[in-house]
Protein chains: 2
Amino acid sequence: MAVDREQVLKEAAALLTRRATTSMDEIARAAGISRATLHRHFAGRDALIKALEEQGIAQFGQAMDSARLDEGDAAGALRRLITETEPVADMLAFLATENQLFEGDEVNAGWDRLDARITALFRRGQEEGDFRIDLSPAWLAEALYGLIGAGAWAVHEGRVARNDLHHSIAELLLGGIRRSMEK
Amino acid sequence: MAVDREQVLKEAAALLTRRATTSMDEIARAAGISRATLHRHFAGRDALIKALEEQGIAQFGQAMDSARLDEGDAAGALRRLITETEPVADMLAFLATENQLFEGDEVNAGWDRLDARITALFRRGQEEGDFRIDLSPAWLAEALYGLIGAGAWAVHEGRVARNDLHHSIAELLLGGIRRSMEK
DNA sequence: ACCGAATGAGACGTCAATGTCTCACACCCT
DNA sequence: AGGGTGTGAGACATTGACGTCTCATTCGGT
């Protein structure tokens, strides 16, 4: 009976996002396996975290591929990205919350690559005259991560319906809060 | 030489936001004091966390008072809030990131009160026709926390200038990314 | 210059989590 | 039925952080 590695990581991400000090034992029990088995699949806590980061990065990268960031207008690409991102929102929330842990060079490099693609998307939007230029691409990228994290958290807390998530994030990011469009 | 309790808490917030497992020793050194002194001022880690939460809530509450959330239009109030919030952004980032830790009833109640005030502000904006109504006040509140946290982090990383912070947050939140104002 | 208070450095004991190991059991395939 | 694999349960030593304590030093006010 092979352990579902992906499922274990998903549980771990959910727990660690809520409480970074969650013990290996708690993670194991949440995943429905014993601590011994958890250690058989992940050499240790560090290895688990690293696997989590790697999978998160891989999934985020796939979401970006699926979103075809280079096609169409930047706003549409951003909407697609947010939609594609939804299934891995927990993972992303973990990455955004815990990216301070990045100490491995590879993981760092992997994240930098993703970040560069996001930043480039915002820059493209600005160059095409679609996005305002008084907000830096770097900030917009950080804001996107923050909103995705906040969204995942809000869903967890039941403050936002999961179905509304992309809409909530995309509309806020693209259109802001204001109802009327006059300055 | 009285230890600057407030400064210690601020440092602690910055560190703990980045890495929740930061040791007492690291916090002490970051604050420029010895571990012994840190323990003299805070009975233990739990006490430190609690003090952090309490001060964060108190400071956030003061920022809300200073912002006079009930005066003028909601957008203006929100701008004032973000401006007033800037000095305690680290604290707020900690609260927003770690509020999952809330286990003490008092702390929880205190946060709920603040959250209610923020939510009420967004609701007022909607009722006055200033804010769009397809985004729930609860989500807007979460988004605000997320953006403040992301902003504090971005400043830490040098990706955003501290002086640009309120502008970056307020403009994004109020106006969104789009340059042009047509739908 | 002096004295009390506060701090820094470090030495403990304690404890929870970790990582490793063994052994028994359940499952699967032939 | 039988061998192989994967798992659960638990024991065990190790590690690192924690909390407490002592003592020398420094700082600050008078």
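Order of the sequence lines fixes the chain letters, A, B, ..., with proteins taken first and strands second; residue numbering starts at 1 for each chain.
- Taking the ring centroids of A:Tyr145 and A:Trp111, they lie under the 6.0 Å cut-off.
- What separates CD1 of A:Ile33 from C1' of D:dG10 is a distance of 17 Å, to the nearest Å.
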For nucleotides 16-19 of chain D, give me every protein contact, N/O to N/O, under 3.5 Å, one pair per line with atom names.
residue, atom, partner, partner atom, Å
D:dC18, OP1, B:Met24, N, 3.4
D:dC18, OP1, B:Arg45, NH1, 2.9
D:dC18, OP2, B:Met24, N, 2.9
D:dG19, OP2, B:His39, NE2, 3.2
D:dG19, OP2, B:Arg45, N, 3.2
D:dG19, N7, B:Arg35, NH1, 3.0
D:dG19, O6, B:Arg35, NH2, 2.9

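- In terms of heavy atoms, B:Ala51 sits closest to B:Phe42 at CB-CE2, 3.8 Å.
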N/O-N/O pairs, protein side and nucleotides 13-16 of chain C side, under 3.5 Å:
none

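- For B:Ser34 and C:dG8, the shortest distance from a side-chain N or O to OP1 or OP2 is below 4.0 Å.
- Atom pair B:Arg29:CZ and C:dT7:C1' shows a separation of 17 Å (rounding to whole Å applied).
- Not counting sequence neighbours, the partners of B:Arg117 by the side chain to side chain donor-acceptor pair (under 3.5 Å) test are B:Asp65.
- B:Arg40 has its CZ atom 8 Å from the P atom of C:dG8, to the nearest Å.
- If you measure from atom CG of A:Leu38 to atom P of C:dG19, you get 10 Å, rounded to the nearest angstrom.
- A salt bridge links A:Glu171 with A:Arg79: at least one charged nitrogen is closer than 4.0 Å to a carboxylate oxygen.
- For A:Arg159, the side chain to side chain donor-acceptor pair (under 3.5 Å) partners two or more places apart in sequence, or in a different chain, are B:Asp115, B:Glu142.
- One atom, NE2 of B:His41, and another, C1' of C:dG8, lie 12 Å apart when rounded to the nearest Å.
- Looking at B:Trp139, its side chain does come within 3.5 Å of a backbone N or O of A:Ser168 through a donor-acceptor pair.
- Among residues at least two apart or in separate chains, salt bridge (charged side-chain N to carboxylate O under 4.0 Å, His left out) pairs with a member in residues 21-37 of chain B are B:Arg19-B:Glu26, B:Asp25-B:Arg29.
- Listed by chain and residue number, nothing satisfies the side chain to side chain donor-acceptor pair (under 3.5 Å) test with B:His166 (two or more places apart in sequence, or in another chain).
- Atom pair A:Arg5:CZ and D:dG6:P shows a separation of 15 Å (rounding to whole Å applied).
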